[in-house]
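Notes for the one structure printed next.
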Amino acid sequence: MDILHTPIFEGRPKDAADRLAKEIHTYDLLDSLGISYQRIDHEAMPTIEACHDVDARLGIHICKNLFLCNTQKTNFYLLMMPGEKKFQTKIVSKQLGVARLSFAPEEYMSELLDITPGSVSVMGLMNDSEHKVQLLMDRDLLKEEYLGCHPCINTSSIKLLTNDLLEKFLPAVGHEVIYVDL
């Protein structure tokens with residue numbers, strides 16, 4: 001698939017027949033909050049490296065999203081960071097004042113956020129009604145007018161205003177951000 005020539009759509013798909021419920025739920029929430037977004041459909045993009053052409057097509061940098069936990073698997077974190085940055089657990093752990101963080105097991109990702117590996121996205125916080133996942137965001141993302149993410153499935157990507165994410169989406173899903181510097 002030539003992503004650089006793939007159409008960009010305004011908003012949700014017109015036909016939802018072949019879409020997963022969690023993807024449609026994402027669009028329902030964004031629409032109900034009055035959040036405008038552009039969307040591109042593509043083959044599965046399981047890594048941030050695979051998203052480079054999507055970035056170019058949407059004119060953004062899709063965030064790297066990491067699902068993390070403490071050693072005891074009692075505290076969970078979703079870290080949003082620029083895709084080109086390297087994750088260094090020591091730096092984040094120190095800023096949070098917690099023991100060394102590691103990647104959370106897949107079953108917690110599904111249980112808490114209703115997402116699968118390769119589809120990790122801030123949009124998954126809409127499924128965390130018990131607020132067991134703390135959002136972490138690299139402060140450098142605040143410099144970006146737009147952010148990109150998956151709508152809980154890695155066969156589509158969306159572009160939305162950073163301010164809409166921070167001022168509309170996060171309050172609606174009851175999550176606050178802890179900013180970190182990577």
Side-chain angles (χ1 to χ4, degrees), residues 1 3 6-51 53-55 57-58 60-69 73 75-81 83 103-137 141 146-177:
M1 174 186 283
I3 291 180
T6 300
I8 296 174
F9 301 98
E10 295 294 329
R12 69 186 311 118
K14 294 195 185 321
D15 180 13
D18 295 331
R19 306 285 177 147
L20 295 177
K22 60 185 164 187
E23 179 183 4
I24 298 305
H25 183 59
T26 302
Y27 303 134
D28 290 344
L29 179 58
L30 293 174
D31 292 347
S32 74
L33 297 172
I35 296 176
S36 298
Y37 54 96
Q38 291 184 319
R39 175 182 51 82
I40 185 172
D41 298 325
H42 47 71
E43 294 174 9
M45 299 283 170
T47 65
I48 193 68
E49 290 77 21
C51 291
D53 287 344
V54 173
D55 289 0
R57 183 70 179 119
L58 289 173
I60 56 168
H61 298 288
I62 291 192
C63 298
K64 185 185 296 184
N65 295 276
L66 305 176
F67 187 57
L68 309 167
C69 67
K73 297 177 182 64
N75 296 326
F76 297 90
Y77 305 89
L78 176 62
L79 172 62
M80 294 177 66
M81 58 188 285
F103 293 100
E106 184 177 326
E107 61 268 18
Y108 289 103
M109 189 181 302
S110 177
E111 175 188 328
L112 299 174
L113 300 175
D114 190 24
I115 49 180
T116 56
S119 299
V120 179
S121 168
V122 66
M123 295 293 127
L125 292 175
M126 71 181 177
N127 301 314
D128 180 28
S129 58
E130 295 182 24
H131 303 100
K132 291 184 177 181
V133 179
Q134 174 62 58
L135 178 62
L136 308 174
M137 182 183 285
L141 292 177
Y146 292 95
L147 293 176
C149 62
H150 294 307
C152 295
I153 188 72
N154 65 359
T155 53
S156 292
S157 297
I158 58 175
K159 170 184 176 178
L160 67 161
L161 286 167
T162 303
N163 283 342
D164 282 348
L165 177 75
L166 297 173
E167 297 170 11
K168 294 179 181 179
F169 177 80
L170 292 177
V173 298
H175 281 77
E176 294 183 6
V177 182

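One-based numbering along the sequence shown.
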Whether F67 and F76 hold their rings parallel, tilted or perpendicular, with breakpoints at 30° and 60°: parallel
S157 side chain to H150 backbone, donor-acceptor under 3.5 Å: no
L68 CG to M109 CE distance, which is reported to the nearest 0.5 Å: 9.5 Å
Y27 OH to C152 SG distance, which is reported to the nearest 0.5 Å: 9.5 Å
Nearest-0.5 Å distance that lies between atom CG in L33 and atom CG in L29: 4.5 Å
Side-chain heavy-atom pair I40, L58 within 4.5 angstrom cut-off: yes
Other residues, nucleotides, ligands: >12 heavy atoms within 6.0 Å of E106 CD: no
No-hydrogen, no-angle side-chain donor-acceptor test under 3.5 Å, E23 and S156: yes
Close side-chain approach of C63 to L141, heavy-atom, < 4.5 Å: yes
D31 versus Y37, side-chain donor and acceptor atoms under 3.5 Å: yes
Electrostatic pair R19:D41 at N-O distance under 4.0 angstrom: yes
CG on L20 to OG1 on T26, rounded to 0.5 Å: 10.0 Å
Side chains of I8 and R57 in contact at under 4.5 Å (non-hydrogen atoms): yes
K73 vs Y108, side chain to side chain contact (heavy atoms under 4.5 Å, CB included): CA-CA, chis, key distance, verdict: CA-CA 9 Å; K73 297 177 182 64; Y108 289 103; 3.9 Å; yes
Audit row: V177, M80, side chain to side chain contact (heavy atoms under 4.5 Å, CB included) steps and yes/no: CA-CA 10 Å; V177 182; M80 294 177 66; over 6 Å; no
D28 and R12: CA distance, side-chain angles, deciding distance, side chain to side chain contact (heavy atoms under 4.5 Å, CB included) verdict: CA-CA 8 Å; D28 290 344; R12 69 186 311 118; 2.6 Å; yes
M123 side chain near F169 side chain, heavy-atom distance below 4.5 Å: yes
Sequence neighbours excluded, every pair satisfying salt bridge (Lys or Arg N to Asp or Glu O under 4.0 Å) that has a member inside residues 147-173: D164-K168
Side-chain heavy atoms of T155 within contact of E43, under 4.5 Å: no
Validation row: L125, V133 side chains within 4.5 angstrom (heavy atoms): yes
Side chain proximity check, L135 to E176, heavy atoms < 4.5 angstrom: no
M137 and L166, any side-chain heavy atoms less than 4.5 Å apart: yes
Main-chain N/O of L113 paired with D128 side-chain donor or acceptor, under 3.5 Å: no
Interatomic spacing from CG in L147 to OG in S121 - rounded to 0.5 Å: 10.5 Å
Nearest-0.5 Å distance, CG of residue L160 to CD1 of residue I60: 8.5 Å
ring-ring contact (aromatic ring centres under 6.0 Å, His included) partners for Y77, two or more places apart: none
Working for side chain to side chain contact (heavy atoms under 4.5 Å, CB included), residues L165 and V122: CA-CA 9 Å; L165 177 75; V122 66; 3.8 Å; yes
Check: F9 main-chain N/O paired with R39 side-chain donor or acceptor under 3.5 Å: no
Steps toward side-chain hydrogen bond (donor to acceptor under 3.5 Å, both in side chains) verdict (H42, T6): CA-CA 8 Å; H42 47 71; T6 300; over 6 Å; no
